[in-house]
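Order of the sequence lines sets the chain letters (A, B, ...), proteins ahead of strands, with each chain counted from 1. Atoms considered below: every heavy atom in the structure, side chains included; atoms not considered: hydrogens, waters and symmetry mates. Fair warning: this is a prediction, and the values are worked out from it, not measured in the lab.
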Number of protein chains: 2
Amino acid sequence: MPFKPHPPCLSASTDAPATAGPAVAPEPGAPGAAFSPLYRQIKGLILQSLDRGEWKPGEAIPSELDLAARFKVSQGTVRKAIDELAADNILLRRQGKGTFVATHHEDRVRFRFLRLAPDDGQHARSRSRFLECRRLRAPAEVAKALELRAGDSVVLVRRVLSFGEIPTVIDEIWLPGSLFRGLTAERLAEYKGPMYGLFESEFGVRMIRADEKIRAVPAGAPEAELLDIEAGTPLLQVERISFTYGDRPVEMRRGLYLTSRYHYRNSLN
Amino acid sequence: MPFKPHPPCLSASTDAPATAGPAVAPEPGAPGAAFSPLYRQIKGLILQSLDRGEWKPGEAIPSELDLAARFKVSQGTVRKAIDELAADNILLRRQGKGTFVATHHEDRVRFRFLRLAPDDGQHARSRSRFLECRRLRAPAEVAKALELRAGDSVVLVRRVLSFGEIPTVIDEIWLPGSLFRGLTAERLAEYKGPMYGLFESEFGVRMIRADEKIRAVPAGAPEAELLDIEAGTPLLQVERISFTYGDRPVEMRRGLYLTSRYHYRNSLN
DNA sequence: AAGTGGTCTAGACCACGAT
DNA sequence: TCGTGGTCTAGACCACTTT
């Protein structure tokens, strides 16, 4: 044994957070006080910084040693917090370079949210045609999904997505009006790149997670015309609710996918 | 600084694996020698033990300290290997009790592979009716998916899954004949519990991962009759390939889901 | 050469579960 | 009380990238 045991300096969950610890509330006597380890509290602090925009998508966050000094914990504890954020696809580690805030401007992130893949593997150029973009009062169903009050302002966007000139997806997208003030059909149309990239760059709203419900439904007359198919053709209906930091819902979307040459891919782990 | 640096005892990736290291080939001068850290090699060794059945589903594996001694590495290294296996849902940690091999006899695992959920949240009793179970020579498409030679023996199972007496799913399941020797319609019918539970208990084949391709298709006449619906009704078609340890494909399955009262749920992370 | 993340170790202590 | 996994720390060294 090369060492003798060291003096008990700042023994984590008992001393550290309560005395010399970081800006973290250990809630000692709280009733439903769910115990959470230090690294998870650090994770929460990093998430707060991301949420308030201290580090923007694509940028590097401070090094592990810097963060350790800032939060007054060891590098290992910061590392474990970042490990989880990287596993959540919120941060991205690059050895030798630093740790970066994930962004929808990378294909890696984009394909996590675009699950439609060509049967033959040949990815064709995609193009959006925007049918409308208007403000209205939230219908009850939308208000509930977005956790708004019934009647709050929402933005409705409708578009047709084509792959290689073949119309394949109809999307109906509902967004909280308060977060997307200047959003217009023109800005959507002139923007190059994925829609979530625009949301993140222009409106500071980053989607980090989504839940989907999928069904098979028959095409109605309007959908059939938009997709250039016969009414009644089976379509994949994908209802999505997207969340930003803190599990706050910020998008409700209903997609209709034509799956004759494309399929929705999924992995069960 | 309370300490002075200690003497360099067994400095990991240079000394340890090469000299006193475990039964692991570091392949020093190999041409395409992809470097892999110690903990990942340990992960591989644990996976091998699982694959050869040294520890069975539901059982506990040895403690971290035991494994550390066995592989001649530190507890921390074993821990990191187990961390990854737990993240892969292959192992399951229970504080104070030990680390266990995941099993399809738990709901937690079962619902990872059964994505169909009732719209109203009321899970009804499910029941399988087996239409057939027979052996035949693998069609080209099946052979390719299961990485068999065309003409190898395969087992074909067809069944209807009902939720609360309402027929909802038609499954067509292809399995390698060599792995499922005694599989018959009777054994399937008399078995209580999920099918993957039977596969794992009776045939030693554990599914740990699956890829799915999803489409909307119209019901044909035979399917319509089985599901008690009209021909042409849109159905969700789910093509699945399941893998066991080492990414070996061991099942090809085509499901047709009636999604009028159920939906396929998915999370995008 | 300096800075970053990545690996490995060793040890102390905590939380949980069974005895 | 003991054994298990869980947390935290400290330090050495490796691998990668940039200066």
Roughly, in whole Å, what's the span from [atom1] in [X] to [atom2] in [N]?
| X | N | atom1 | atom2 | result |
| --- | --- | --- | --- | --- |
| A:Leu92 | D:dT17 | CG | P | 14 Å |
| A:Leu91 | C:dT4 | CG | P | 16 Å |
| A:Asp66 | C:dG5 | CG | P | 8 Å |
| B:Phe71 | C:dT9 | CZ | C1' | 18 Å |
| A:Leu65 | C:dA2 | CG | P | 16 Å |
| A:Asp83 | C:dC8 | CG | P | 14 Å |
| A:Phe35 | C:dC13 | CZ | C1' | 12 Å |
| B:Leu67 | D:dT4 | CG | C1' | 13 Å |

Do [Y] and [X] have ring centroids that are under 6.0 Å from one another?
| X | Y | answer |
| --- | --- | --- |
| B:Tyr262 | B:Tyr257 | no |
| B:Tyr196 | B:His105 | no |
| A:His123 | A:Phe163 | no |

[X] side-chain N/O to [N] phosphate OP1/OP2 under 4.0 Å:
| X | N | result |
| --- | --- | --- |
| B:Arg93 | D:dG6 | yes |
| B:Lys97 | D:dG5 | no |
| A:Thr99 | C:dG5 | yes |
| B:Ser63 | D:dG3 | no |

Taking the minimum atom-to-atom distance to the side chain of [X], which one of [options] wins?
| X | options | value |
| --- | --- | --- |
| B:Lys80 | D:dT9, D:dC8, C:dT7 | C:dT7 |
| A:Ser74 | D:dC8, D:dG6, C:dT9 | D:dC8 |
| A:Arg79 | D:dG6, C:dT7, D:dA10 | C:dT7 |

Check your understanding: Does a side chain donor of either A:Arg108 or A:Asn89 reach within less than 3.5 Å of an acceptor in the other side chain?
Key -> yes

Check your understanding: Contact class for A:Glu64 vs. all strands (heavy atom < 4.0 Å): base, sugar-phosphate, or nothing?
Key ->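 If one applies the 4.0 Å heavy-atom cut-off, A:Glu64 turns out to touch the sugar-phosphate alone, with no base involved.
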
Exercise for review: Classify the ring geometry between B:Phe199 and B:Phe203 as parallel (under 30°), tilted (30 to 60°) or perpendicular (over 60°).
Suggested key: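 B:Phe199 and B:Phe203: perpendicular rings.
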
Practice item. Please figure out whether A:Gly96 or A:Arg40 has its closest DNA chain D nucleotide nearer the 5' end. Key: A:Arg40

